[in-house]
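Note: hydrogens, waters and symmetry copies are ignored here, and every other heavy atom, side chains too, is used.
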Amino acid sequence: MSKPEPIDADFCYRIIQAKDARYDGRFFICVVSTGIYCRPVCPARVPKKSNCRFVASAAAAEAAGFRSCLRCRPESAPGTPAWTGTQASVARALRLIEDGALDDCDVETLAGRVGLGGRQLRRLFIAHVGATPQAVAANRRLLAAKQLISETDMAFSDIAFASGFQSLRRFNDAVRASYGVAPTALRRGAARESASDAITLRLGFRPPFDWERLLGYLSFRAIPGVEHISAGRYRRSFRLGAASGTIEVRQSAKPNALDVAIRTSAQASIRQIAARIRRVFDLDADPAAIAAALSSDPVIGSRLARLGGLRVPGAFDGFELAIRAILGQQVSVKGATTLAGRLVARCGEALPASDGALTHIFPSPAALAGADLSGLGLTGGRIAALKAFARAVARGEVVLAPGPSLEEKIAELCAVPGIGAWTAHYIALRAIGEPDAFPAADLGLRKAAGGGAPISTKALEDMSEAWRPWRGYAALALWMMPEPEPRALAAE
């Protein structure tokens, strides 16, 4: 068994002694005496320091020959964010791998999508993740399969497909190689809590997490017929390939987790659905680290301190969010929501069985490109922009996924008639998950940064340089907390 590269062992050992959930998923502990790797929050007795090796990812632990712990279940850990420098390319590649990019293509193709060569991408992955892209993809498939084995009653053939394996045989071989037993043995030892007809998953996050504030943000912007939020639950319809259905998300009774219930009409890639839900709620963020990095900033620091657990609300479907953003140009949030509901009612796909407030699936790019949008209350210019964007996505001219850089993605979006810098940055932030996207032209941001009197776009862009690479979080802080922290009154 090879030894993984240690990373700041003294610091990591103090974390596992404290079982600090804020570091869950940021590193893993390989225990040489047992051959098992664990999360920092593992409930088992803390091993001797001399038996611990620390690695940056679960994939690195698997590549070094360690097996996943059955008690703390590394498949339930939050993802490991990569934010700065060359890691920006790694973060984009990790996002694409999570979406299944290496399930049916090679590393060279993946590297090209993030603007690198295959050899360079492998080198960056070894440096920042501790494993090759192929090893990371294999590990994500395995951990997704383990979660479905433990938490659902799905047939093993369905689990193999849902977690990204190309065949049942490869699924069985991977589970045996990693856990030393057949999938049936893992299921015998698993405790499942739900007997409903839904596929239920538990998705972990790092605290703090302001669930109510995030849910409120999404509720104000929910698309009628497609999304519905009430009683602390987020519900939506979806289509992913041939599968369609509904999803419900709520806070878990377990600490630092959300519970997800998926009802689908056909075989669906549960791994991809879980990845999209993680992005909607920004579950892989490290809010404590972001707040600490910006704590001394005179504009953002106090706001983040008051917004403990701030997340960037993402999107389950990038095209849906982008259309919502175009509808929101120069109208109120409420007005854009009304327009989105009208568009869905006319162009959306009706759910086979209406699920209460959920009645439709958002229209596809091709459907919207060919639809009649007259009579919805849209201007001619807005209709032209919507159709131009839908055609660009349908033809593959715009890809709502990470690219080589934020700047190139903004240029790609702005090439569509009717898409300006504000809309492009907003789409990049919420639909594509670029944490450094920043719509500096936004009036609300310029007023908040200026203390009530709007500053110029150029002045805000210059100010935002100090907030890289988390300008997206700074934007949310300014939107949600437009007023600066009140100064204490001087003693009389």
Side-chain angles (χ1 to χ4, degrees), residues 210 212-214 216-221 282 285 287 290-314 321-322 324-339 379 381-382 385 406-407 409-411 413-414 418-431 434-492:
D210 193 339
E212 294 300 330
R213 189 182 298 275
L214 179 55
Y217 184 96
L218 293 171
S219 178
F220 198 40
R221 294 159 178 80
D282 200 15
I290 295 168
L294 299 177
S295 60
S296 61
D297 186 87
V299 175
I300 298 300
S302 64
R303 286 178 166 89
L304 285 177
R306 288 182 289 159
L307 292 168
L310 179 67
R311 312 279 167 147
V312 171
L321 187 282
R324 176 69 173 71
I326 296 171
L327 290 171
Q329 293 172 345
Q330 299 179 343
V331 300
S332 67
V333 173
K334 184 176 180 180
T337 299
T338 299
L339 293 173
T379 65
R382 194 63 42 80
L406 171 61
E407 292 71 24
K409 185 57 64 174
I410 295 299
L413 291 165
C414 287
I419 304 295
W422 182 94
T423 306
H425 273 274
Y426 187 81
I427 292 171
L429 177 63
R430 292 197 56 205
E434 287 285 355
D436 204 37
F438 189 75
D442 184 81
L443 178 60
L445 294 183
R446 293 191 290 115
K447 289 178 66 174
I455 61 176
S456 69
T457 299
K458 177 63 166 60
L460 183 54
E461 287 175 343
D462 292 343
M463 183 184 294
S464 73
E465 288 299 310
W467 306 332
R468 289 185 182 273
W470 297 293
R471 293 189 305 169
Y473 291 88
L476 261 293
L478 291 170
W479 275 326
M480 290 185 169
M481 197 70 68
E483 298 298 325
E485 188 170 23
R487 295 181 180 272
L489 294 175
E492 295 182 359

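The two atoms that bring Ala428 and Leu406 nearest to each other are CB-CD1, 4.0 Å, heavy atoms only. Here the closest heavy-atom approach between residue Ala385 and residue Gly418 is recorded as CB-CA, 4.0 Å. Across every non-hydrogen atom of Ala336 and Gly328, the tightest pair is CB-CA, 3.6 Å. Residues Arg213 and Met480 share a closest heavy-atom pair of CD-SD, 3.6 Å. Scanning both residues, Ala441 and Trp422, for their nearest heavy atoms gives C-CD1, 4.3 Å. When all heavy atoms of Gly472 and Leu429 are compared, the pair lying nearest together is CA-CD1, 3.5 Å.
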For this session: Just do the side-chain contact (heavy atoms from CB on, under 4.5 Å) check on Glu483 and Arg303 with the steps written out, would you?
Result: CA-CA 9 Å; Glu483 298 298 325; Arg303 286 178 166 89; 5.6 Å; no
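Looking at Thr337 and Phe220, their side chains never come closer than 4.5 Å, going by heavy atoms from C-beta outward. Contact annotation: the side chain of Tyr473 approaches that of Asp282 to within less than 4.5 Å [non-hydrogen atoms, C-beta and beyond]. The side-chain heavy atoms of Pro439 and Leu445, taken from C-beta on, include a pair separated by under 4.5 Å. Annotation: side chain of Leu304 is not in contact with side chain of Asp297 (no heavy-atom distance under 4.5 Å). Between Asp442 and Leu460 the shortest side-chain heavy-atom distance does not fall below 4.5 Å. Side-chain contact between Leu413 and Thr423 is absent, with no heavy-atom pair separated by less than 4.5 Å. The side-chain heavy atoms of Glu461 and Thr457, taken from C-beta on, include a pair separated by under 4.5 Å. Under the 4.5 Å side-chain criterion, counting only non-hydrogen atoms from C-beta, Leu310 is not in contact with Pro287.
Remark: Leu214 CG to Arg311 CZ distance equals 8.5 Å, nearest 0.5 Å. In this structure, CE on Met463 lies 4.0 Å from CD1 on Ile455, to the nearest 0.5 angstrom. Atom CG in Leu478 sits 12.5 Å away from atom CZ in Arg446 (nearest 0.5 Å). Atom CD1 of residue Ile300 and atom OG of residue Ser464 lie 9.5 Å apart, to the nearest 0.5 angstrom. To the nearest 0.5 angstrom, Arg382 atom CZ is 9.0 Å from Ile326 atom CD1. Here CZ of Arg324 is found 12.0 Å from CD1 of Ile427. Values are rounded to the nearest 0.5 Å.
Side-chain atoms of His425 come within 3.5 Å of backbone atoms of Phe438 as a donor-acceptor pair (strictly under, hydrogens ignored). Side-chain atoms of Thr338 come within 3.5 Å of backbone N or O of Lys334 as a donor-acceptor pair. With hydrogens and angles ignored, the 3.5 Å screen pairs no side-chain donor or acceptor of Ser219 with any backbone N or O of Gly216.
Under the 6.0 Å distance and 45° angle rule, Arg221 counts as a cation-pi partner of Tyr217.
The neighbour count for Gln330 CD, taken as heavy atoms of other residues, nucleotides or ligands under 6.0 Å away, does not exceed 12.
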